[in-house]
Enquirer: 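Okay, handing you the structure first.
On a predicted model such as this, the values are computed, not experimentally measured, just so you know. Residue numbers start at 1 and run along the sequence shown.
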Amino acid sequence: MIRKPTREIAIGRVKIGSDNPIAIQSMTNTKTENVSATVEQILALEQAGCEIIRCAVPTMEAAEAFYEIKKQIHIPLVADIHFDYKLAIAAVENGADKIRINPGNIGSRERIQAVVDCCRERNVPIRVGVNSGSLEKNLIEKYGGVTAEGIVESALDKVNLICDMGYENLVISIKSSDVLMSIRAHELLAEKTDFPLHVGITESGTVYSGSIKSAIGLGNILYQGIGDTIRVSLTGNPVQEIYAAKLILKTLGLRKGGISVVSCPTCGRTQIDLIGLAEQVEEMVKDFDLDIKVAVMGCAVNGPGEAREADIGIAGGIGEGLLIKKGEIVKKVPESELLETLRQELIHWS
């Protein structure tokens, strides 16, 4: 996989674009005005591996809350702005490391210019965001509906507007809940610009359906070398967005580190609660910073062979199980001790 070259942009202490690692983002779902609740959620997201966090700024109180939030977290803080240019300026003045705006709903050129001037003064990047749901009527008419071509033209129009104002510290995001449209739009956009791209499938759904749609959409886009920062948008606890994003990047070979768990789908030979065991293992390994593969197998007959490519594996039998290292059986333990046996092995590896 060869990543398409883009400009380097600094969002606080995190750099995206160029050959920097693809950064993982999320967005809080607390009321930003509630500083303690927002900080609590951001710290949990940091712990999960979030590298950039965005907060909604619907009120002046929310913009002013950035000042206190910023002092208590450790990752770049992004302000999500709609409609009111004064909120964008206030968020920047209170420490926002980046702002997300759609210039189309900010208002007049003068108001956009005021936001740009404020960001230029502090060298704060602007993420120019366009969603398929807010595509301009003239572009819908031009392309006969909401299309990838229309989304790209809308985004580039807004980028060119800000560039004409003398500011090019920009990130672009184009989003749609239509996965195939999103893929096509990113392919088109990557051909037309070298600004770094924020990639995501918007309104993708619940943790279950949204993770699948995001994996397909982001997987296709990232596999083509497109994308510099991502968010998996899920209806649920935003911590789940981080786990999904990390797994997508790891599956594509774009991120190392963290334990990868593989498990068999179970069959009639399974004699243990493999489903429950695999879920427990997947939760347990989150506490270990190891770049290894762990296999959880339900059959003591085929388990050693199936786990051969894993660094450590466990395989169940009738009331008992095997501990396997590099495909070799190390010892047999009671089923009730399988999880703890694996935990102790991981502690030893640490």
Side-chain angles (χ1 to χ4, degrees), residues 6-18 20-28 32 38-39 41-42 45-46 50-58 62-106 112-131 155 158-159 161-163 165-175 193-200 202 227-233 238 241-242 245:
T6 54
R7 308 183 191 190
E8 183 176 87
I9 297 292
I11 304 166
R13 290 176 289 183
V14 174
K15 293 181 179 180
I16 65 170
S18 186
N20 292 294
I22 295 170
I24 296 174
Q25 300 197 25
S26 184
M27 186 172 182
T28 55
T32 307
T38 301
V39 168
Q41 188 170 82
I42 293 173
L45 286 162
E46 288 182 11
C50 182
E51 294 158 330
I52 300 171
I53 187 63
R54 179 161 46 112
C55 297
V57 182
E64 292 169 348
F66 266 49
Y67 181 78
E68 291 300 327
I69 294 170
K70 181 80 177 289
K71 292 191 294 185
Q72 301 178 56
I73 65 173
H74 313 91
I75 57 177
L77 182 61
V78 181
D80 191 86
I81 310 293
H82 286 283
F83 307 115
D84 191 342
Y85 79 105
K86 293 179 182 178
L87 297 180
I89 293 173
V92 171
E93 291 175 343
N94 280 278
D97 295 298
K98 183 176 77 171
I99 63 167
R100 185 270 189 188
I101 62 171
N102 180 344
N105 68 30
I106 287 294
I112 299 171
Q113 182 74 65
V115 174
V116 170
D117 290 344
C118 180
C119 289
R120 181 193 294 110
E121 182 180 336
R122 294 168 175 79
N123 198 32
V124 171
I126 297 173
R127 173 182 146 194
V128 179
V130 173
N131 283 5
K158 294 167 177 57
V159 167
L161 171 65
I162 296 176
C163 287
M165 294 177 176
Y167 198 57
E168 297 190 1
N169 194 2
L170 306 176
V171 179
I172 307 175
S173 69
I174 50 172
K175 292 191 176 182
T193 184
D194 67 346
F195 284 112
L197 303 183
H198 171 108
V199 182
T202 193
D228 302 285
T229 179
I230 65 170
R231 180 197 175 191
V232 176
S233 300
E241 298 184 353
I242 307 305

Enquirer: Which heavy atom in I242 sits nearest to a heavy atom in Q25, and how many Å separate them?
Expert: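 Scanning both residues, the minimum pair turns out to be CD1-O, 4.0 Å.
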Enquirer: Would a distance-only check, ignoring hydrogens and angles, find a side-chain to backbone donor-acceptor pair under 3.5 Å from T32 to V57?
Expert: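 Between the backbone of V57 and the side chain of T32 there is no qualifying donor-acceptor contact (under 3.5 Å).
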Enquirer: Please tell me whether E241 and S26 have a donor and an acceptor in their side chains that are separated by less than 3.5 angstrom.
Expert: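 Distance-only check passes for E241 and S26.
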Enquirer: Write down the atom of V124, the atom of K98, and the distance for their closest heavy-atom approach.
Expert: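 Shortest heavy-atom separation between V124 and K98 comes out as CG1-CA, 3.6 Å.
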Enquirer: What pairs with A155 under side chain to side chain contact (heavy atoms under 4.5 Å, CB included), at least two apart in sequence or on another chain?
Expert: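 Result, side chain to side chain contact (heavy atoms under 4.5 Å, CB included) vs A155: V130, I172, I174.
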Enquirer: Is a side-chain N or O of T6 found less than 3.5 angstrom from the main chain of D194, in a donor-acceptor match?
Expert: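 Not at all, since once roles are kept as given, no pair shorter than 3.5 Å links the two residues.
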Enquirer: Find the distance between CD1 (I101) and CD1 (I106) and round it off to the nearest 0.5 Å.
Expert: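 Those atoms lie 5.0 Å apart.
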Enquirer: Show me the pairs that pass side chain to side chain donor-acceptor pair (under 3.5 Å) and involve residues 113-123, at least two apart or across chains.
Expert: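 Listed once each, the pairs are Q113-D117, D117-R120, N123-N169.
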Enquirer: Please name the pair of heavy atoms, one in D228 and one in G17, separated by the smallest distance, quoted to 0.1 Å.
Expert: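 It is OD1-CA, 3.4 Å.
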Enquirer: Holding to salt bridge (charged side-chain N to carboxylate O under 4.0 Å, His left out), I want the full list of residues that pass it with E68, two or more places apart in sequence or in another chain.
Expert: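 With sequence neighbours excluded, E68 shows a salt bridge (charged side-chain N to carboxylate O under 4.0 Å, His left out) to K71, given in chain and number order.
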Enquirer: Nearest 0.5 Å, what's the CD1-CG distance between I99 and L87?
Expert: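 Going from the CD1 atom of I99 to the CG atom of L87 covers 10.5 Å.
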Enquirer: Residues in side chain to side chain donor-acceptor pair (under 3.5 Å) with S173, at least two apart?
Expert: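 In terms of side chain to side chain donor-acceptor pair (under 3.5 Å), with neighbours along the sequence ignored, S173 is linked to R127.
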Enquirer: Of V171, V159, L161, which is the lone residue that meets side-chain contact (heavy atoms from CB on, under 4.5 Å) with V128?
Expert: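 Exactly one option meets the side-chain contact (heavy atoms from CB on, under 4.5 Å) with V128, and it is V159.
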Enquirer: Tell me every residue that passes side chain to side chain contact (heavy atoms under 4.5 Å, CB included) with E46, counting only those two or more places apart in sequence or in another chain.
Expert: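 Here the qualifying residues are I42, L43, I73, H74, I75.
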Enquirer: Show me, pair by pair, the donor-acceptor contacts under 3.5 angstrom made by side chains of residues 76-85, not counting sequence neighbours?
Expert:
| from | atom 1 | to | atom 2 | distance (Å) |
| --- | --- | --- | --- | --- |
| D80 | OD1 | R54 | NH1 | 2.6 |
| H82 | ND1 | N105 | ND2 | 3.1 |
| H82 | NE2 | R100 | NH1 | 3.0 |
| D84 | OD1 | K86 | N | 2.9 |

Enquirer: Who pairs with E168 by side chain to side chain donor-acceptor pair (under 3.5 Å), at least two apart in sequence or on another chain?
Expert: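 Scan of E168 (side chain to side chain donor-acceptor pair (under 3.5 Å), adjacent residues dropped) gives R7.
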Enquirer: Does Y167 OH have over 12 foreign heavy atoms under 6.0 Å away?
Expert: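 It does: Y167 OH has more than 12 such atoms within range.
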Enquirer: How close do A91 and F66 get, counting heavy atoms only, and between which atoms?
Expert: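 Heavy atoms only, the tightest pair is O-CD2, 4.3 Å.
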Enquirer: Under the side chain to side chain donor-acceptor pair (under 3.5 Å) rule, collect the residues that match up with D97, sequence neighbours excluded.
Expert: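 Listed in chain order: K70.
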Enquirer: What is the minimum heavy-atom distance between A245 and I24, and which atoms define it?
Expert: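 Closest pair (atom of A245, atom of I24, distance): CB-CG2, 3.8 Å.
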Enquirer: Quick one: list whatever passes side chain to side chain donor-acceptor pair (under 3.5 Å) with T38, sequence neighbours left out.
Expert: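 For T38, the residues satisfying side chain to side chain donor-acceptor pair (under 3.5 Å) (neighbours in sequence not counted) are T30.
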Enquirer: Rounded to the nearest 0.5 Å, how far does CD1 of I16 lie from CD1 of I230?
Expert: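 The CD1 atom of I16 is 12.0 Å from CD1 of I230, to the nearest 0.5 Å.
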Enquirer: Could you list the residues that satisfy salt bridge (charged side-chain N to carboxylate O under 4.0 Å, His left out) with E51, not counting sequence neighbours?
Expert: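 Salt bridge (charged side-chain N to carboxylate O under 4.0 Å, His left out) list for E51, sorted by chain: R255.
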Enquirer: Which residues satisfy the side chain to side chain contact (heavy atoms under 4.5 Å, CB included) test with A65, sequence neighbours excluded?
Expert: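 A65 satisfies side chain to side chain contact (heavy atoms under 4.5 Å, CB included) with V35, I69 only.
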Enquirer: Please name all residues satisfying side chain to side chain contact (heavy atoms under 4.5 Å, CB included) with P21, sequence neighbours left out, ordered by chain then number.
Expert: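 P21 satisfies side chain to side chain contact (heavy atoms under 4.5 Å, CB included) with no other residue.
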Enquirer: Do T229 and P196 have side chains that get closer than 4.5 Å, going by heavy atoms?
Expert: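 They are not in contact (no side-chain heavy atoms under 4.5 Å apart), so the answer is no.
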Enquirer: Might you point out which heavy atoms bring C118 and E93 nearest each other, and give the distance in Å?
Expert: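 Smallest heavy-atom distance, with atoms named: SG-CG, 4.4 Å.
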Enquirer: How many angstroms lie between atom CG of L170 and atom CD1 of I162, to the nearest 0.5 angstrom?
Expert: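 If we round to the nearest 0.5 Å, L170:CG and I162:CD1 are 5.5 Å apart.
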